[in-house]
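Only one structure is covered here, and it is reproduced in the block below.
Hydrogens, waters and symmetry mates play no part in the numbers below; they use all other heavy atoms, side chains included.
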Amino acid sequence: MVDKNGIIAIPPGETIKEQLEYRDMTQVEFAERMGQSTKHISQLLNGKVPLTQQTALKLESVLGIPAKFWNNLEAIYQEDLARIELEVELEKETEIARQIPYNEMVKKGWLKATRKVTEKVYELRKFFEVASLNQIPNINDYAVAFRKVDHGKASNYSLSAWVQKAMLEGREVQTSNFNKTKLKKVLPALRSLVNEPPNIFQNQLTSLLAEAGVAVVFLPHLPGTYAHGATLWPSRQKAVIALTIRGKDADKFWFSFFHEVGHLMLHDKNETYIHYDSLNDYDDKEHEADHFASNFLIPEEDYKDFTMAFDFSEANITSFAKKINLPTGIIVGRLQHDNLIHFSEMNHLKVKYEWVHNA
C-alpha cells in the first residue's frame with residue numbers, strides 16, 4: 001500500500017491475501033495451485049509486479065472470483081500509483097516554480113495571475129510547453145548560452161523564461177527562409193534606422209529582417225536575466241533576434257541589436273547566443289559579435305582618426321557624429337565604453353527612447 005497526500009494505492013495483492021486467509025491457504029500452496037513460483041506470488045501479493053490478464057484468469061479458476069474483478073482492481077491500483085507519482089513530481093516542480101519570476105511575468109501579461117503554487121506549475125507547464133517543469137533545461141540547447149558571465153547572478157530559469165517568450169513571440173512573426181545574402185544587403189538600411197525614433201524604426205526593422213528570414217522580438221527586461229539580447233534558431237530556416245527593451249539608452253539598444261546581427265553574419269545556426277551585461281572574456285564568438293557591432297556602427301578607420309586627435313569636446317563629437325551620419329549619443333556611448341571619456345560625461349547628448357511595444 002502506498003499513501004501520499006490522501007491518495008491511497010492498494011494493490012490487488014491485499015485482496016488476494018484476504019482470500020487466502022479466508023481459505024486458510026498458505027502462499028506456497030497458492031503458488032502451486034496458480035502454477036507460479038513462490039517468489040512471483042510474493043511479489044504479486046505485495047504489489048511489486050502487475051496483475052496481468054492471464055493471472056486474472058488463473059485467479060478466477062483458483063479463487064472463484066471473476067477475472068474482470070481482478071483486472072479492475074489492478075487498473076484502479078495503477079491509476080492511484082500514477083496519481084501519487086504526479087504528486088511527487090508536482091512537489092519537485094513547485095521548487096522550480098519558486099525560482100521563476102512568476103509575478104513579474106504576470107505583470108507583463110505572459111501568465112495568468114494565481115496565488116496557488118500548484119496552479120502556477122500548471123500555468124508554467126503551458127508557457128514552457130512541457131509536461132513537467134523538470135524538462136525546462138532540455139527543451140532547447142540553452143546550456144552553452146547560459147554562461148555565468150555575471151559572476152553567477154543570472155538565473156537559468158529566468159533566462160529560460162525570457163528565451164521561451166522570445167521563441168513564442170518569434171513563432172508569430174512571418175518570415176522568408178533565412179538568407180545571409182539578403183541580410184547583408186539590408187545592413188545599410190538597418191544602420192540608417194538608428195536616426196529614427198522607436199515608433200518609426202521598430203516596424204521598419206521588423207519588416208527588413210523578416211525578408212531575410214529573421215524574426216525580431218522586443219521584450220521587456222525580466223529580473224534575474226541580465227540579458228540585453230539573444231540570437232536564437234528555432235529552425236534552420238528561421239532566426240530570432242530577441243532584444244531587451246531594458247532602460248532607454250539608444251546607444252545600448254543599437255549596440256545590442258548589431259551585436260546579435262553579428263552572430264547571424266559570422267556564426268553557425270546550431271547555437272544560442274545571449275548578450276549579457278558584461279562580456280565573457282573567454283568567449284571568442286561574443287568578442288567577434290562585439291567587434292562587428294562596434295565597427296559597423298562606427299567605421300574602424302574613421303573612429304581611429306577621430307580618437308587619435310584626442311579632442312572629445314561636445315563640438316567635435318557632434319561634428320564627427322554628423323560626418324558618419326549617427327546620433328551623437330552613440331559616439332558618446334562608444335567613447336565611454338572605451339574609457340576615453342568618463343561615464344558621467346556628455347550624457348546630455350544621449351538619446352532616451354520611449355518604447356511603443358512593451359510586452
Side-chain angles (χ1 to χ4, degrees), residues 104-105 107-110 162-163 165-166 169-170 172-173 186-210 214-232 240-264 273-279 289-290 292-298 303 314 317-318 320-322 324-338 341-359:
E104 288 295 325
M105 294 167 72
K107 291 177 184 177
K108 299 179 194 318
W110 298 3
W162 188 81
V163 170
K165 181 60 176 177
E169 292 276 325
E172 300 302 314
V173 180
V186 301
L187 286 179
L190 292 173
R191 186 182 182 278
S192 69
L193 292 176
V194 301
N195 294 295
E196 303 293 344
N199 64 328
I200 299 296
F201 75 68
Q202 280 184 266
N203 288 337
Q204 293 184 28
L205 185 149
T206 300
S207 178
L208 285 168
L209 284 177
V214 183
V216 180
V217 175
F218 299 91
L219 294 177
H221 169 65
L222 193 63
T225 58
Y226 299 92
H228 286 294
T231 301
L232 316 168
V240 174
I241 286 180
L243 298 167
T244 299
I245 48 179
R246 176 188 182 188
K248 300 180 179 182
D249 291 335
D251 59 305
K252 292 179 180 178
F253 170 81
W254 286 111
F255 179 81
S256 295
F257 170 69
F258 283 109
H259 175 98
E260 304 309 331
V261 171
H263 281 306
L264 296 180
Y273 303 98
I274 296 181
H275 183 209
Y276 295 92
D277 283 351
S278 55
L279 183 64
D290 262 5
F292 176 90
S294 297
N295 294 329
F296 184 75
L297 279 168
I298 307 174
Y303 184 66
E314 180 174 336
I317 292 173
T318 303
F320 178 61
K322 185 176 181 181
I324 62 172
N325 194 30
L326 280 185
T328 310
I330 290 182
I331 309 301
V332 171
R334 176 70 180 276
L335 292 172
Q336 290 175 342
H337 178 271
D338 293 345
I341 64 173
H342 193 269
F343 281 94
S344 63
E345 294 183 81
M346 304 292 180
N347 285 320
H348 63 284
L349 298 177
K350 287 189 173 185
V351 173
K352 300 286 187 179
Y353 282 157
E354 293 294 334
W355 293 100
V356 295
H357 180 70
N358 230 11

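- For Glu260 and His228, the side-chain atoms include no donor-acceptor pair closer than 3.5 Å.
- Here Ile241 contributes atom CD1 and Leu264 contributes atom CG; the two are 4.5 Å apart, rounded to the nearest 0.5 Å.
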(message) Under the criterion side chain to side chain contact (heavy atoms under 4.5 Å, CB included), I'd like the reasoning laid out for Leu335 against Phe320: C-alpha separation, chi angles, the key distance, then a yes or no.
(response) CA-CA 12 Å; Leu335 292 172; Phe320 178 61; over 6 Å; no
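- When all heavy atoms of Leu187 and Phe292 are compared, the closest pair comes out as CD1-CZ, 4.3 Å.
- For the atom pair Leu193 CG and Glu196 CD, the distance stands at 6.5 Å (nearest 0.5 Å).
- Salt bridge Asp251/Arg334: absent, no basic N to carboxylate O contact under 4.0 Å.
- Aromatic ring centroids of Phe258 and Phe253 lie 6.0 Å or more apart.
- Here the closest non-hydrogen pair linking His259 and Ala293 is N-CB, 3.5 Å.
- Looking only at side-chain heavy atoms (C-beta outward), Leu232 and Val163 come within less than 4.5 Å of each other.
- With sequence neighbours excluded, no residue forms a side chain to side chain donor-acceptor pair (under 3.5 Å) with Asn195.
- To the nearest 0.5 Å, atom OG of residue Ser294 and atom CG of residue Asp290 are 6.0 Å apart.
- Residues Arg191 and Ile324 share a closest heavy-atom pair of NH2-O, 3.0 Å.
- Taking CH2 of Trp162 as the start and NE2 of His221 as the end, the distance is 10.5 Å to the nearest 0.5 Å.
- Here the closest heavy-atom approach between residue Lys350 and residue Gln336 is recorded as NZ-OE1, 2.8 Å.
- Between the side chains of Tyr353 and Asn199, no donor-acceptor pair is found at a separation under 3.5 Å.
- Ring planes of Trp254 and Phe257: perpendicular class, angle over 60° (limits at 30 and 60°).
- One N or O on the side chain of Ser192 and one on the backbone of Ala189 form a donor-acceptor pair closer than 3.5 Å.
- Remark: His348 NE2 to Met346 CE distance equals 6.0 Å, nearest 0.5 Å.
- Nearest heavy atoms, Ala242 versus Ala166: CB-CB, 3.6 Å.
- A 6.0 Å sphere centred on NZ of Lys252 holds no more than 12 heavy atoms belonging to other residues, nucleotides or ligands.
- Judged purely by atom type and a 3.5 angstrom limit, Thr318 uses its side chain to pair as donor or acceptor with the backbone of Glu314.
- A donor-acceptor distance shorter than 3.5 angstrom exists from the side chain of Glu345 to the backbone of His342, with no hydrogens or angles considered.
- Here Lys322 contributes atom NZ and Ile331 contributes atom CD1; the two are 14.5 Å apart, rounded to the nearest 0.5 Å.
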(request) Walk me through it: do Leu219 and Thr244 pass the test side chain to side chain contact (heavy atoms under 4.5 Å, CB included)? (result) CA-CA 5 Å; Leu219 294 177; Thr244 299; 5.6 Å; no
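- Across Ile274 and Ala230, no two heavy atoms sit closer than the pair CG1-CB, 4.1 Å.
- When side chains are defined from C-beta on, Leu222 does not count as touching Lys165, because their heavy atoms never get closer than 4.5 Å.
- Applying the side-chain contact (heavy atoms from CB on, under 4.5 Å) rule to Ala215 yields the partners Val173, Thr175, Lys238, Val240; only residues at least two apart in sequence or on another chain are considered.
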